[in-house]
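Notes follow the structure.
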There are 2 protein chains.
Amino acid sequence: MKDRSLDTAVKDSKAPAIARAAAILRLLGHSEVPMGLQPIARELGLVPSTCLYVLRALVEEELVSLDPATKRYSLGSGVLSLARHRLQRDPFASLAQPVLADLASRFAVTCIGVEISGLERITAVAVAEGPGNFRLSTEVGSRFPALLSATGRCIAAFGDHALERLRPRFEKLRWDNPPDFALWSEQVLETRAQGYAADVGHYIAGVTVMAAPVYRTSESPSHALVALALSRTLDEEARLRLGKALVEGAQTVTRQLGNM
Amino acid sequence: MKDRSLDTAVKDSKAPAIARAAAILRLLGHSEVPMGLQPIARELGLVPSTCLYVLRALVEEELVSLDPATKRYSLGSGVLSLARHRLQRDPFASLAQPVLADLASRFAVTCIGVEISGLERITAVAVAEGPGNFRLSTEVGSRFPALLSATGRCIAAFGDHALERLRPRFEKLRWDNPPDFALWSEQVLETRAQGYAADVGHYIAGVTVMAAPVYRTSESPSHALVALALSRTLDEEARLRLGKALVEGAQTVTRQLGNM
DNA sequence: ATCTTTCATTCGATATAGTGAATGGCATTC
DNA sequence: GAATGCCATTCACTATATCGAATGAAAGAT
């Protein structure tokens, strides 16, 4: 499978080496094992010599590490250093962390703070796991399609998009139990009315996801507070209380983000 | 302060855009606040137009995020995603984690697993904090000069370097209580003899650091297991037991790394 | 052990990414 | 309210990063 995005990104850009470098980093990230030059070049449709030069530059910057014995490349320690700085400097992550921890322990759920970067993807930037022997679990850096599940309904409800325009993106989503577009639209309106979104078993069977929007500036939400739990541990009454708590937490964070 | 490494890295490379991109990422990582185009270009000695094209490419790849209102750039969520993949795929990090957690709780110390990438820097790739109200703390992705403290003595002792050749690098290190080269050399020999290194208050006053080497292939150590504690919580007897436990843990991890 | 295939790497020709001066927009100052 | 300064952005020229064939080295097959 060739990476389509690479072709177009390289073509129009004035710095195609960077699109190539990023594609290599992503490829190495998704690869189970370190890769040799040739497979990398083949997979991305790059000329091996160019690919080699890019890899060498990335190794030089410690974003990629090279096993000199096997000539295999993998992600380098530099990406960890960058991620650490990114997290330290992210005001949302710092502000959301204590709020998420509080929610996680009070409701015995897993809470994550996500960044909304457009309509494509959301990224987890903070996580807090509740007590209990079995928990749902993610890591910082996990990404999800933006319109999926409860966060998706949040984005649809509080970003000002005409619902019908989101339909093409909506159709591409993968759910365990997909709602049809009519039901989804209804749920989006409901979300708008109550201030938070709930997804009971649609995204993942047996799992309830709830989300409330956080705003950096005004306009559309820049982040969201999300709670995950096994559906059987959250009855309707608990969902109501959790939803209310999520909204309060999200408002707190929004307020704190504003005054900086 | 201009980034010297950039000048040389750009000159000899066949993919200078990548050296520039990496320098921008590092700069944004170290900056307390998001930066505009001009300050970035000035700081790195780049032509603004070039810098703009590089930034645009980085934004496109989500490695940098741009606030459209203020035109300020900061690190993007993509670096988090890369770091997550990096950690998931790192066999050392996965194998070391339980060993570190065990050591941390048994000795009430903070334990970290570090990757040794040459003689310049080491990077924390796994951390485990012990119990207790006050703990020393770091994050995954933190970097330290390679020859510093206990890990430095490990690298000097078990990598096959002539000690005298390490002297120039040694002289540049910053310690709270710097050992002179003679004392340090002696401690390196001691480290070689007992299999682990100890730094009692040299690197940071009042803090004891201990480290044992981990080997991916044979030859020089690729990683190390490190323990940190306030010196007053570790008497000599405890240091001996902890040192022994570190060596055992390091050997376990080394063995597991071999059989993959 | 020899042949074959696959890989990493080098090198010269050329399309193109980088340059720096020029433009237009925004905000702060007088 | 005008003017000044700084900033982000564009554009045409040229140094150079990219390409593709050729080389050498190392597995894998016979």
Side-chain angles (χ1 to χ4, degrees), chain A residues 2-3 5-25 27-28 31 33-61 63-76 217, chain B residues 2-3 5-25 27-28 31 33-61 63-76 217:
Chain A
K2 241 175 84 174
D3 188 335
S5 68
L6 185 55
D7 299 349
T8 56
V10 164
K11 238 182 187 161
D12 305 342
S13 170
K14 287 265 188 184
I18 286 156
R20 286 189 259 259
I24 289 176
L25 291 175
L27 178 62
L28 292 177
S31 165
V33 292
M35 297 178 75
L37 167 64
Q38 211 85 339
I40 296 171
R42 207 177 309 121
E43 180 72 22
L44 297 174
L46 294 177
V47 173
S49 57
T50 301
C51 190
L52 177 66
Y53 296 138
V54 173
L55 278 166
R56 285 221 257 248
L58 288 171
V59 169
E60 180 73 21
E61 304 298 339
L63 296 175
V64 164
S65 77
L66 164 63
D67 183 340
T70 63
K71 305 285 178 87
R72 293 294 139 98
Y73 299 85
S74 55
L75 287 180
T217 70
Chain B
K2 242 176 80 176
D3 189 335
S5 67
L6 184 56
D7 300 351
T8 56
V10 165
K11 235 180 186 163
D12 307 340
S13 170
K14 288 266 189 184
I18 285 153
R20 286 189 259 260
I24 288 175
L25 292 175
L27 177 62
L28 292 176
S31 165
V33 293
M35 296 177 75
L37 167 65
Q38 211 86 343
I40 296 171
R42 208 178 308 124
E43 180 72 23
L44 297 174
L46 295 178
V47 174
S49 56
T50 301
C51 191
L52 177 67
Y53 295 136
V54 173
L55 279 166
R56 283 221 257 251
L58 288 171
V59 169
E60 179 73 21
E61 305 299 339
L63 296 175
V64 165
S65 78
L66 164 63
D67 182 338
T70 63
K71 305 283 175 89
R72 292 296 138 97
Y73 299 86
S74 55
L75 287 180
T217 69

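Order of the sequence lines sets the chain letters (A, B, ...), proteins ahead of strands, with each chain counted from 1. Note that the structure is predicted; figures quoted are calculated from it, not measured.
For the pair A:Leu28 and A:Tyr73, the tightest heavy-atom approach, listed with the atom from each and the gap, is CD2-O, 3.5 Å. The two atoms that bring A:Leu75 and A:Leu25 nearest to each other are CD2-O, 3.5 Å, heavy atoms only. A:Pro39 approaches A:Gly36 most closely through the heavy-atom pair CD-O, 3.3 Å. In terms of heavy-atom proximity, A:Glu61 sits nearest to B:Ile18 at CG-O, 4.4 Å. The two residues A:Pro48 and A:Ala41 make their nearest non-hydrogen contact at CA-CB, 4.0 Å.
For A:Arg56 and C:dT10, the shortest distance from a side-chain N or O to OP1 or OP2 is below 4.0 Å. Contact check, A:Arg20 against D:dT18: a side-chain N or O comes under 4.0 Å of OP1 or OP2. Taking side-chain N and O atoms only, A:Lys71 has a distance below 4.0 Å to OP1 or OP2 of C:dT9. At the phosphate of C:dG20, neither OP1 nor OP2 sits under 4.0 Å from any side-chain N or O atom of B:Ser49. For B:Gln38 and D:dC6, the shortest distance from a side-chain N or O to OP1 or OP2 is not below 4.0 Å.
Between A:Cys51 and B:Gly36, the one whose closest nucleotide on DNA chain D sits nearer the 5' end is B:Gly36. Nearest-nucleotide positions on DNA chain C place A:Arg72 closer to the 5' end than the other of A:Arg72 and A:Ala15.
The distance between atom CG of A:Leu46 and atom P of D:dA17, rounded to the nearest whole Å, is 17 Å. Rounded to an integer number of Å, the gap from A:Glu43 CD to C:dC7 P is 14 Å. One interatomic measurement links the two molecules: NZ of B:Lys14 to P of C:dC11, which rounds to 9 Å at whole-angstrom precision. Counting to the nearest Å, the P atom of D:dA8 and the CG atom of B:Leu37 are 5 Å from each other. Atom pair B:Leu44:CG and C:dG18:P shows a separation of 15 Å (rounding to whole Å applied). If you measure from atom CG of B:Leu66 to atom P of D:dA8, you get 10 Å, rounded to the nearest angstrom. Residue A:Leu52 contributes atom CG, which lies 14 Å from atom C1' of D:dG20 at whole-angstrom precision.
Picking from D:dT9, C:dT9, D:dC19 the nucleotide with the shortest atom distance to the side chain of A:Thr50 gives D:dC19. Taking every side-chain heavy atom of B:Ala17 into account, C:dG18 is the closest of C:dG18, D:dT9, C:dC7. Side-chain proximity of A:Pro16 to the nucleotides C:dA17, D:dT10, D:dG20 is greatest for C:dA17.
Applying the 3.5 Å distance criterion, the base of C:dC11 shares a donor-acceptor pair with the side chain of A:Tyr53.
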